[in-house]
Trainee: 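Take this structure, written in structure tokens, and hold onto it; I'll ask about it next.
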Amino acid sequence: MEQYAIKGGNPLVGEVEIGGAKNAALPILAASIMTDETVYIENMPDVQDTNVLLKAMRNIGVMLDRNSRHSVTINAGQVHSYVVDDDHIRKIRAGYYLLGALLGKYKH
């Protein structure tokens, strides 16, 4: 286990920015399609799993705007398909979040 020993009698000062967690972002992204309102998500990790889920969402008609590397605006008011491309969902284990959200919203 790593440890840091601070010597010198000087107090620590500064700021630390905590990055978003993939395992928190995936269910939040999927839940965003359960409303027809625009959802803005910040501090989203830019990792393969979140990018695959976003691509799968875009393919079913969810409007996505990647505002920056770590933020996205989502509007699921115009979803045109309840079928998620199998190739996208197989790439990530958390694909069931999206399927559950679609089932919950559209009952299909």
Trainee: Please name all residues satisfying side chain to side chain donor-acceptor pair (under 3.5 Å) with Thr73, sequence neighbours left out, ordered by chain then number.
Mentor: Asn67
Trainee: Suppose we screen for side chain to side chain donor-acceptor pair (under 3.5 Å). Which residues come up paired with Arg69, at least two apart in sequence or across chains?
Mentor: Asp46
Trainee: Any heavy-atom pair between the side chains of Val79 and Val62 that's under 4.5 Å?
Mentor: yes
Trainee: What about Tyr106 and Leu99, same hydrophobic cluster or not, with Ile/Leu/Val/Met/Phe/Trp/Tyr joined at side-chain heavy-atom distances under 4.5 Å?
Mentor: yes
Trainee: Pick out which of Leu29, Asn51, Leu26 makes a side-chain contact (heavy atoms from CB on, under 4.5 Å) with Met44.
Mentor: Leu29
Trainee: Going by side chain to side chain donor-acceptor pair (under 3.5 Å), name the residues that satisfy it together with Thr38, two or more places apart in sequence or in a different chain.
Mentor: Asn75
Trainee: As an exercise, state the distance from CG of Leu98 to CG of Leu103, rounded to the nearest 0.5 Å.
Mentor: 11.0 Å
Trainee: Which residue pairs pass the salt bridge (Lys or Arg N to Asp or Glu O under 4.0 Å) test with at least one member in residues 26-44, sequence neighbours excluded?
Mentor: Asp36-Lys105
Trainee: Over all heavy atoms of both residues, which pair between Pro45 and Ala25 is shortest? Give the atoms and the distance, please.
Mentor: CD-CB, 3.7 Å
Trainee: Look up atom CG in Leu54 and atom CG in Asn59, then write down how far apart they are to the nearest 0.5 Å.
Mentor: 11.0 Å
Trainee: If a pair satisfies ring-ring contact (aromatic ring centres under 6.0 Å, His included) and one of its residues is in residues 32-80, list it, with sequence neighbours excluded.
Mentor: none
Trainee: Please give me the minimum heavy-atom distance between Ile33 and Ala76, naming the atom from each residue.
Mentor: CA-CB, 3.5 Å
Trainee: Over all heavy atoms of both residues, which pair between Leu102 and Tyr82 is shortest? Give the atoms and the distance, please.
Mentor: CD1-O, 4.0 Å
Trainee: Please tell me whether Ile60 and Met63 are part of a single hydrophobic cluster in this structure, the criterion being side-chain heavy atoms less than 4.5 Å apart.
Mentor: no
Trainee: Quick one: pull up CD1 in Ile74 and CE in Met57 and give me the separation to the nearest 0.5 Å.
Mentor: 4.0 Å
Trainee: Taking atom CD1 of Ile41 and atom OG1 of Thr50, what is their separation to the nearest 0.5 Å?
Mentor: 10.5 Å
